[in-house]
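One structure is given below, encoded as structure tokens.
As a basis for the values below, the full set of heavy atoms in this structure was taken, side chains included, without hydrogen atoms, waters or symmetry mates.
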Amino acid sequence: MEDNKNAFRVIVIGLNYGSILTMVRDFGEAGYNVEVVRVFKKKPNPVNLLGTMKPEAASRYVTDHRICIMDKEGETLISLLKEMARPDFKTLLVPVDDFLVSAIDEHYDILKEDYVISNCDNRAGGITKLMDKHIQKDLALQAGLNVPESALIEMKDGECRIPDNVPFPCFIKPNVSSNASKLIMRRFDQRGELWDFLNEHAKEKDLSLLAEEFIDIKAEYSLLGMSVPEMTFAPCIFRAVMRGHRERKGVAVTGMIMDTDDFSEVISKAEAFVSLTGYVGMFDIDLIEDQYGKIYFTELNLRAGASVNAFSRVGFNLPSAFAAYMLKREEPKVEYRSEKGKVFVSEKALLEEYVRSDITRAEFLKNLKEPDLYFIKDDKDPEPFKVFKRYAGLSPVLRLPYGIRDRIFKR
């Protein structure tokens, strides 16, 4: 950074060590002071070895690492952030998980006194409201994007009603991702089987579900970018190669960088869509392509995930550009041409796929060896990968206890 590095500070906050680590490196490489708050919703179970991993703490870019156990109380997290406030720094607060994006957004009016934060219309709760996929789809249609037909299913007080306009076959998903598990996502061909499933789950808690027309997917893409009052741009797009299972549905275990020139029309409409929302922050838009080549919008994620790091490694550091605007009001400069065809791997997701018996050991080793780009392995910052390798070495042994647990809890 050309500026005094001590004048600015970034706090990365998250549940997911992979997303935390990649974000830390992107900000650290740009010269920012980087601190981390690793959040656990409840006290980590030492038996869940994968859940207790903290490779991000070993990064050379992390100047301070805190643990926050929320126990479902957002006040615990907010109190810690207030404690970490420094009046001598201009500090950017960057959550990397939907759950924490919402938790911080709900306390925006309190935290904005000490931090620079992503927001929607500069008010508390704006981002959380925008997480509603039904709202997103209406705005996406206004911007000219293709959107799957859908209906909203509300499950309340142990009862549910299936609207007449549910398209069959359909695919159901949480209407707000942070409010329910991805394990509920699945296809239904008939009203009767959907009814049986919903009645089985309606007693658990109130849920808002989106039932979308089922589309035979040829490819899944993610479009990454940032939006500020002056402009919205999305210079990064990749295609999912290996997709995750269970809690990792929608996660690209491996992905391939695509050329934005091949998607110029949909990108232009996607940028117009995000501009309509009033959102200020980094984003990740999920797109699907059907067997006939038609591309549909499915979801706007109001944060950046680990995949931004793949583009940092080939020429465009999106988190750095976002920090430069938010902290110094520097207008983003897009001087980047995608490295089409480069393949990346999320080692975290890959390890979880193997330990949970969703892929074979041969697939695990192959995908750990062949990619061009890695999220945890980094020659400039080697210590986190050493931590990861210690746990990965135990993976063949871990498959048995995780398999027993998954069968017992039907995961």
Side-chain angles (χ1 to χ4, degrees), residues 9-29 32-44 48 50-59 61-74 76-81 84 91-108 111 115-118 127-128 131 177-179 181-182 222 224 226 244 247-248 250-252 281-284 301-310 312 318-320 322-323 326 346-349 351-352 375-376 378 381 384 387-388:
R9 172 178 175 241
V10 178
I11 296 180
V12 178
I13 172 171
L15 306 166
N16 178 328
Y17 69 78
S19 295
I20 294 172
L21 178 60
T22 53
M23 198 66 66
V24 161
R25 285 171 170 162
D26 287 343
F27 289 125
E29 279 288 305
Y32 291 98
N33 294 298
V34 187
E35 300 176 24
V36 168
V37 176
R38 175 73 181 276
V39 178
F40 294 89
K41 292 183 180 180
K42 58 184 179 180
K43 188 174 181 179
N48 180 11
L50 296 186
T52 60
M53 289 176 62
K54 305 180 193 69
E56 79 284 354
S59 173
Y61 299 109
V62 175
T63 60
D64 186 18
H65 186 277
R66 309 281 186 102
I67 297 292
C68 176
I69 300 173
M70 289 184 65
D71 286 327
K72 298 183 180 179
E73 296 294 331
T76 306
L77 173 62
I78 304 309
S79 295
L80 174 59
L81 292 174
M84 293 177 70
T91 306
L92 177 65
L93 187 61
V94 182
V96 294
D97 303 278
D98 291 336
F99 173 77
L100 294 170
V101 168
S102 183
I104 289 171
D105 179 58
E106 293 293 343
H107 295 86
Y108 176 74
L111 293 172
Y115 296 100
V116 178
I117 315 172
S118 294
I127 290 179
T128 303
M131 286 180 170
S177 298
S178 60
N179 289 348
S181 169
K182 291 183 178 180
S222 287
L224 316 179
M226 61 176 277
E247 299 91 341
R248 298 169 301 284
V251 172
M282 291 182 282
F283 61 83
D284 178 335
N301 298 295
L302 297 149
R303 42 99 187 134
S307 53
V308 294
N309 185 248
S312 301
L318 182 68
S320 173
F322 179 63
M326 296 295 281
S346 167
E347 299 99 314
K348 175 185 184 294
L351 177 61
E352 291 170 358
F375 290 166
I376 299 178
D378 187 338
D381 186 27
V387 175
F388 176 83

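- Between R303 and D98 a salt bridge is recorded (basic side-chain N to carboxylate O distance below 4.0 Å).
- Between T76 and I69, the closest side-chain pair of non-hydrogen atoms is not below 4.5 Å.
- Of all heavy-atom pairs between F388 and I376, the closest is CD1-CD1, 3.6 Å.
- Listed by chain and residue number, I127, T128 satisfy the side-chain contact (heavy atoms from CB on, under 4.5 Å) test with D105 (two or more places apart in sequence, or in another chain).
- Just one residue in the list I11, I13, L80, L81 forms a side chain to side chain contact (heavy atoms under 4.5 Å, CB included) with R66, and that residue is L80.
- In this structure, the separation between CG on L302 and CE on M282 is 11.5 Å, given to the nearest 0.5 Å.
- Among all heavy-atom pairs drawn from G28 and V34, the shortest one is N-CG2, 3.8 Å.
- Not counting sequence neighbours, the partners of D378 by the salt bridge (charged side-chain N to carboxylate O under 4.0 Å, His left out) test are R25, R313.
- With rounding to the nearest 0.5 angstrom, the CZ atom of R9 is 14.5 Å from the OH atom of Y32.
- Summarising the geometry, atom CG belonging to L92 is positioned 6.0 Å from atom CE belonging to M326; distances are rounded to the nearest 0.5 Å.
- Under the ring-ring contact (aromatic ring centres under 6.0 Å, His included) criterion, F375 pairs with F344, not counting sequence neighbours.
- Under the side-chain contact (heavy atoms from CB on, under 4.5 Å) criterion, V251 pairs with K182, R248, A349, sequence neighbours left out.
- Counting heavy atoms from C-beta on, the side chains of E35 and T91 never come closer than 4.5 Å.
- For the atom pair K54 NZ and H65 NE2, the distance stands at 7.5 Å (nearest 0.5 Å).
- Looking only at atom types and distance, the side chain of T63 has no donor-acceptor partner in the side chain of N33 under 3.5 Å away.
- For the atom pair CE of M84 and OG of S79, the computed distance is 13.0 Å after rounding to the nearest 0.5 Å.
- When every heavy atom of A306 is checked against every heavy atom of S19, the shortest pair comes out as N-OG, 3.5 Å.
- To the nearest 0.5 angstrom, L318 atom CG is 10.0 Å from D284 atom CG.
- Closest non-hydrogen pair, F27 versus A323, comes out as CE2-CB, 3.7 Å.
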(Q) Could you go through I104 and Y115, starting from their C-alpha distance and side-chain angles, then the distance that decides it, and tell me whether this counts as side chain to side chain contact (heavy atoms under 4.5 Å, CB included)? (A) CA-CA 11 Å; I104 289 171; Y115 296 100; over 6 Å; no

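- Residues meeting the salt bridge (charged side-chain N to carboxylate O under 4.0 Å, His left out) test with E29, sequence neighbours left out: R60, K380.
- Applying the salt bridge (charged side-chain N to carboxylate O under 4.0 Å, His left out) test to E56 and every residue at least two apart in sequence or in another chain returns R38.
- Using modelled atom types, no side-chain atom of D97 and backbone atom of F99 make a donor-acceptor pair closer than 3.5 Å.
- When every heavy atom of V24 is checked against every heavy atom of S59, the shortest pair comes out as CG1-OG, 3.9 Å.
- Of all non-hydrogen atoms in P384 and L21, the two that sit nearest each other are CB-CD2, 3.7 Å.
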Q. Yes or no on side chain to side chain contact (heavy atoms under 4.5 Å, CB included) for L77 and L100, after CA distance, side-chain angles and deciding distance?
A. CA-CA 9 Å; L77 173 62; L100 294 170; 3.8 Å; yes

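- Considering only heavy atoms from C-beta on, V101 comes within 4.5 Å of P95 through its side chain.
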